[in-house]
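For reference, the structure is listed below as structure tokens.
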Amino acid sequence: MKDLIKKLTEAKSPSGREKEIRDIIIDEIKDYVDEYKIDKLGNLIAIKKGESEKTILFDAHMDEIGLVVTHITNNGFLRVEPVGGVNPRVLIGAKVQFNGHVGVVGFEGETMEEYSKNMNNINFDILFVDIGVNSKEEAERIAPIGTFGTYYAYFNDLGDKVVSKALDDRIGCAIMIEAIKKIDKPKNNLIFAFTVQEEVGLIGASVAGYNYDIDMAIALDVTAAADTPKAFKRMAMKLNEGPCIKIKDGYTVSDKFVVDTLKDVAKENNIKYQMEVLLFGGTNAGGYQITKSGIPSGTISIPTRYIHTPHEMVSMFDVEETIKLVVALANK
């Protein structure tokens, strides 16, 4: 399982540029599904046929947050814009990559006064990426305007926990891949949607389920863990307490029937779980709620520390329990 997570997280596929990760996922699942296709937006839709008339859709987004080059200075420094929710403070001193070339993020400050002021007001107007070249022409050959980049960070195995970039939401993809491999003859028809461009507005999920008659849609995504010192005191999600069944977040309220079904399935199968109310953010469940005439939707979340940084952290216990929950729901 850790080898799979490493392979998925180290792929470089920011929103709108998901081909690399999609190809990896296809190679993992092609022998375990009845059919798969890539839709016009780039979503990967995989299907396992069941015996009942009920259809459950599981979703995990393939994309990760990133950067795009917007301007190149005369001496070869890159100006960039975020692709998704990139906190400029997190970027200071971080390594990023464009077309396989590594750069370091710095910020402006000509005087001590300006340096101190900028340090307290980090924004993309004062950031630059140093890719180690000496001229605009050299930089343009490596990363012309419009080039997408990602964090330059790698998978680390900490034993019962793992750390990597892009666990949001490659961990959801890994869970779906493992569930696909474990489910032999499902009771229900199953659609596994590996979707694009979640980080820039739930784009892929807004169309992924359109051509199907879906009874329930479940987004698999990360959620903020509140178990570190001085974390959000109004949130309860913790590592090592199992998958989170979402009640609401900043974008959607989960369907009550879906929530109750997830709780029942977890209890029936002795799967440890916790309840989630997230104070911000959203998941692809919001895209399925407004598909066609509406799909009852909810989210199973994996509690994660340091979301949207180069070093996100999850518990392997939570990952394994989430796989159990997906497999059990598939046969509910």
Side-chain angles (χ1 to χ4, degrees), residues 1-29 42 44 58-67 82-87 90-91 94-103 148-181 192-200 204 219-225 239 243 281 283-284 300-323 326:
M1 181 67 184
K2 288 179 179 177
D3 288 341
L4 174 62
I5 297 170
K6 174 180 169 64
K7 184 188 299 184
L8 297 178
T9 56
E10 292 187 356
K12 303 171 183 66
S13 290
S15 295
R17 299 294 184 269
E18 292 92 355
K19 184 181 186 304
E20 181 179 339
I21 184 63
R22 185 174 58 237
D23 288 346
I24 293 171
I25 294 171
I26 289 172
D27 189 58
E28 289 288 334
I29 68 170
L44 171 60
F58 295 98
D59 170 283
H61 67 89
M62 298 183 288
D63 60 316
E64 62 186 293
I65 58 172
L67 301 169
V83 179
V86 181
N87 185 336
V90 172
L91 285 173
K95 290 190 287 187
V96 295
Q97 70 79 35
F98 295 88
N99 289 332
H101 293 265
V102 177
F148 283 66
T150 63
Y151 291 129
Y152 184 78
Y154 287 87
F155 176 88
N156 290 272
D157 184 351
L158 305 185
D160 66 334
K161 299 179 181 68
V162 295
V163 171
S164 183
K165 77 169 182 67
L167 283 169
D168 178 10
D169 184 31
R170 306 286 165 70
I171 198 63
C173 295
I175 288 165
M176 293 211 313
I177 290 169
E178 287 297 298
I180 287 170
K181 292 178 179 180
F192 294 90
F194 298 88
T195 48
V196 300
Q197 297 193 53
E198 187 270 355
E199 296 291 1
V200 293
L220 290 158
D221 209 336
V222 300
T223 191
L239 269 63
T283 74
N284 273 342
I300 302 172
S301 303
I302 301 89
T304 305
R305 295 175 184 163
Y306 323 119
I307 290 175
H308 282 199
T309 75
H311 312 295
E312 299 171 333
M313 179 187 292
V314 299
S315 155
M316 289 305 298
F317 171 79
D318 297 335
V319 172
E320 295 292 347
E321 290 293 279
T322 307
I323 294 170
V326 171

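Remember, it's a predicted structure, so these values are computed and weren't measured experimentally.
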Please check if any side-chain donor atom of [X] sits under 3.5 Å from a side-chain acceptor atom of [Y], or the reverse.
X      : Y      : value
Glu64  : Ser13  : no
Asp168 : His308 : yes
Asp63  : His61  : yes
Ser301 : Thr223 : no

State the [atom1]-[atom2] distance between [X] and [Y], to the nearest 0.5 angstrom.
X      : Y      : atom1 : atom2 : value
Thr150 : Leu67  : OG1   : CG    : 8.5 Å
Ile65  : Lys165 : CD1   : NZ    : 9.5 Å
Ile307 : Glu312 : CD1   : CD    : 6.5 Å
Arg17  : Phe148 : CZ    : CZ    : 4.0 Å
Met62  : Gln197 : CE    : CD    : 10.0 Å
Lys6   : Leu4   : NZ    : CG    : 12.5 Å

Hey, is the main chain of [Y] close enough, under 3.5 Å, to the side chain of [X] for a donor-acceptor pair?
X      : Y      : answer
Lys7   : Ile25  : no
Arg170 : Ser164 : no
Glu28  : Ile26  : no
Arg22  : Gly42  : yes
Asn284 : Glu198 : no

Contact summary for [X] and [Y], nearest pair of heavy atoms:
X      : Y      : value
Gly66  : Pro14  : CA-CB, 4.3 Å
Thr9   : Ala166 : O-CB, 4.0 Å
Ile24  : Ala11  : CD1-CB, 3.8 Å
Gly172 : Ala60  : C-CB, 3.4 Å
Phe98  : Val96  : CE1-CG2, 3.8 Å

Is any side-chain heavy atom of [Y] closer than 4.5 Å to one of [X]?
X      : Y      : result
Ile175 : Phe58  : no
Val162 : Phe155 : yes
Val83  : Glu199 : no
Thr283 : Asp169 : no
Cys173 : Ile21  : no
Ile323 : Met1   : yes
Leu91  : Tyr151 : yes

request  = Could you walk me through whether Leu44 and Ile29 pass the side chain to side chain contact (heavy atoms under 4.5 Å, CB included) test, one step at a time?
outcome  = CA-CA 11 Å; Leu44 171 60; Ile29 68 170; 4.2 Å; yes
task = List the steps, then state whether side chain to side chain contact (heavy atoms under 4.5 Å, CB included) holds for Ile177 with Phe194.
result = CA-CA 10 Å; Ile177 290 169; Phe194 298 88; 4.1 Å; yes
query = Between Lys19 and Asp23, does at least one N-O distance fall below 4.0 Å, as a salt bridge requires?
reply = yes
Other residues, nucleotides, ligands: >12 heavy atoms within 6.0 Å of Lys2 NZ = yes
ask   = So does His311 have more than 12 non-hydrogen atoms from other groups sitting under 6.0 Å from NE2?
value =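 Atom NE2 in His311 is not packed in, count stays at 12 or less.
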inquiry  = Consider side chain to side chain contact (heavy atoms under 4.5 Å, CB included). Of Leu167, Asn156, Leu239, which one does Met313 pass it with?
reply    =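 Exactly one pass, corresponding to Leu239.
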